[in-house]
Amino acid sequence: MPRSAMANRHYSALSQPTLSMSELICKTLDHDATDMLIDKWLEHRNDAYWEWFQGVRERKHAANSLRRQVLVWNKGDFLPENIFCRTVDTGRLIPLDRTWSTHVYHHRSMQDRKLSMMPVVFTMLPELMMLRGMHDLGCDDVYIIVTDMKRQEMDDVTEYFKLVCRYAFGRTCKPSMENEIQYNHMRLSHTLLKQRRTPCFPQIDIAFRAILYEKRPPFIILFSHQTTSYSQILFTHPLYVPSEEIFFDFPSGCPNPCCNDDCEMIRFPRRGAEGAAVLSIKRGGRNGRKVRSREMCNWIDCNTCFNEDTPQYAESSEGSQSSVDSGDTPTNNGLVCSKCRLVKYCSPEHQKKDWEEHRRVCAKSTST
């Protein structure tokens with residue numbers, strides 16, 4: 001084998017891996033499969049999630065905010081197209097009915113046993129819907145690595161990836177940290193091998209870091225299919241973490257009515273960035289664009305980004321349909337819907353184009 005080819009196949013805890021080095025099998029569930037799962041989930045509605053969304057509808061979180069995370073269900077039945085979420089990257093208010101493709105990486109033994117990946121996605125469907133709704137860009141593809149780790153092992157692996165990303169991702173690692181990373185790599189490899197976990201830790205490491213390098217996703221999910229399953233969502237920036245103000249009481253997914261914060265099925269961060277697994281990813285230059293929150297025109301096909309000035313609301317007693325006809329009152333920061341005060345536009349034309357979707361959420365603000 002040529003020396004260059006051998007170099008490309010070399011793997012270590014400190015070198016940059018590629019997905020071509022991974023021995024895990026990738027099963028992709030496309031947008032149509034996601035649609036089918038959402039329909040199935042709605043058909044077998046989970047009361048805990050239904051009650052939570054109903055509570056969100058009654059609480060009307062920060063309904064007058066144009067910049068903070070917000071989840072709004074003002075009209076219609078309990079359907080994804082009627083529930084809107086403000087995106088953390090563009091500030092748009094979009095419905096939860098936007099689907100995605102899920103790339104599930106798993107050990108070949110699951111394929112040998114002809115196990116479907118559909119239950120993996122279905123188990124986390126409400127969480128995935130929320131995470132997809134929070135991101136306008138870069139979330140058409142969701143990445144999940146399936147393991148059989150128990151909770152403590154999952155927590156140890158999470159801390160390892162936080163350590164690696166903080167000191168070695170796109171950075172020159174100091175010798176002392178190299179030793180610590182290599183020691184923890186060997187310790188985790190030995191622990192998972194002793195417990196006969198599949199995939200082994202080196203394969204988890206290769207797939208995880210390769211996805212970070214090559215795909216630059218806002219988050220990656222480690223999913224355990226143990227009897228008492230436990231899943232970890234690792235975010236690549238604090239901006240991508242769900243707001244504690246909204247999700248503090250989000251259901252854990254556990255069927256036990258006595259479930260508490262120590263339940264092993266809790267997988268969605270409910271205490272904001274403080275309680276989430278956030279990776280310290282170096283950005284800029286060859287490490288990808290820096291993450292920043294933007295305020296963009298709510299029309300999905302518009303690239304207009306507004307400045308940081310405080311918006312001035314255009315008042316109208318006749319409501320949002322009247323605003324569409326008149327175009328609202330322009331400010332140096334865009335046009336704000338006079339009825340709901342939830343969205344902004346760069347022009348009356350784009351406000352009219354967005355009305356067919358926005359009308360499903362537009363309602364008079366009750367804030368003072």
Side-chain angles (χ1 to χ4, degrees), residues 25-57 71-85 87 94-107 110-111 113-136 139-148 217-233 242 246-247 249-257 259 263-270 357 360-361:
I25 296 172
C26 179
K27 171 66 176 178
T28 298
L29 305 180
D30 60 15
H31 290 256
D32 291 336
T34 303
D35 267 332
M36 183 184 69
L37 288 174
I38 292 175
D39 290 341
K40 182 179 179 182
W41 182 75
L42 290 171
E43 182 181 347
H44 301 84
R45 189 177 68 193
N46 184 299
D47 287 341
Y49 290 101
W50 157 255
E51 291 172 1
W52 184 81
F53 276 103
Q54 191 66 40
V56 167
R57 187 173 194 172
L71 191 66
V72 187
W73 176 20
N74 284 334
K75 302 177 181 179
D77 297 329
F78 180 58
L79 296 171
E81 57 263 32
N82 293 329
I83 303 173
F84 286 68
C85 183
T87 60
I94 64 174
L96 296 184
D97 65 348
R98 296 188 180 178
T99 56
W100 63 91
S101 293
T102 309
H103 307 279
V104 185
Y105 290 82
H106 60 90
H107 190 259
M110 298 189 70
Q111 184 175 23
R113 288 180 286 166
K114 298 181 180 180
L115 297 177
S116 172
M117 293 299 106
M118 299 281 273
V120 173
V121 179
F122 187 78
T123 300
M124 294 194 67
L125 195 61
E127 290 80 3
L128 293 177
M129 287 175 60
M130 295 306 310
L131 292 172
R132 173 65 183 95
M134 287 174 54
H135 299 85
D136 191 2
C139 210
D140 285 335
D141 297 280
V142 172
Y143 299 91
I144 300 176
I145 300 175
V146 179
T147 76
D148 60 357
F219 57 88
I220 301 178
I221 298 171
L222 294 177
F223 180 90
S224 174
H225 61 84
Q226 283 279 348
T227 304
T228 52
S229 62
Y230 176 72
S231 306
Q232 183 65 274
I233 306 171
I246 300 174
F247 297 101
D249 59 348
F250 192 78
S252 70
C254 179
N256 183 355
C259 173
C263 175
E264 287 197 330
M265 290 192 70
I266 294 177
R267 59 181 72 89
F268 199 82
R270 298 185 288 181
E357 180 172 276
R360 299 201 303 269
V361 71

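Nothing here was measured: the structure is a model prediction, and the numbers come from that model.
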Quick one: are [X] and [Y] in side-chain contact, heavy atoms under 4.5 Å?
{"X": "W100", "Y": "C139", "result": "no"}
{"X": "K27", "Y": "M110", "result": "no"}
{"X": "M130", "Y": "L96", "result": "yes"}
{"X": "M36", "Y": "M118", "result": "yes"}
{"X": "T123", "Y": "F223", "result": "yes"}
{"X": "N82", "Y": "K75", "result": "no"}
{"X": "V142", "Y": "L131", "result": "no"}
{"X": "M124", "Y": "F268", "result": "no"}

Can you list everything that forms a side chain to side chain donor-acceptor pair (under 3.5 Å) with [X]? Sequence neighbours excluded, please.
{"X": "S116", "value": "none"}
{"X": "H103", "value": "T28, D141"}
{"X": "D30", "value": "none"}
{"X": "T147", "value": "none"}

Give, for atom [atom1] of [X] and atom [atom2] of [Y], the distance between the pair rounded to the nearest 0.5 Å.
{"X": "I83", "Y": "N74", "atom1": "CD1", "atom2": "CG", "result": "11.0 Å"}
{"X": "W73", "Y": "L79", "atom1": "CH2", "atom2": "CG", "result": "8.5 Å"}
{"X": "I38", "Y": "F122", "atom1": "CD1", "atom2": "CZ", "result": "10.5 Å"}
{"X": "F53", "Y": "L71", "atom1": "CZ", "atom2": "CG", "result": "6.0 Å"}

Partner residues of D140 under the salt bridge (Lys or Arg N to Asp or Glu O under 4.0 Å) criterion, sequence neighbours left out: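 Result, salt bridge (Lys or Arg N to Asp or Glu O under 4.0 Å) vs D140: R132.
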For the residue pair F219 and H135, does the interplanar ring angle fall in the parallel (under 30°), tilted (30 to 60°) or perpendicular (over 60°) class?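 Geometry flag for H135 against F219: tilted rings.
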Over 60° means perpendicular and under 30° means parallel, so classify the ring planes of W52 and F247, tilted if in between.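 It falls in the parallel class, under 30°.
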CG (D77) with more than 12 external heavy atoms under 6.0 Å: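 Counting other residues, nucleotides and ligands, CG of D77 stays at 12 neighbours or fewer.
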With sequence neighbours excluded, what pairs up with P95 under the side chain to side chain contact (heavy atoms under 4.5 Å, CB included) test?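 P95 satisfies side chain to side chain contact (heavy atoms under 4.5 Å, CB included) with F84, D97, R98, E357, R360 once adjacent residues are dropped.
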Side chain to side chain contact (heavy atoms under 4.5 Å, CB included) between F250 and E127, worked out: CA-CA 9 Å; F250 192 78; E127 290 80 3; 3.8 Å; yes
Where do T34 and V121 land on the side chain to side chain contact (heavy atoms under 4.5 Å, CB included) test, with the steps shown first? CA-CA 8 Å; T34 303; V121 179; 5.7 Å; no
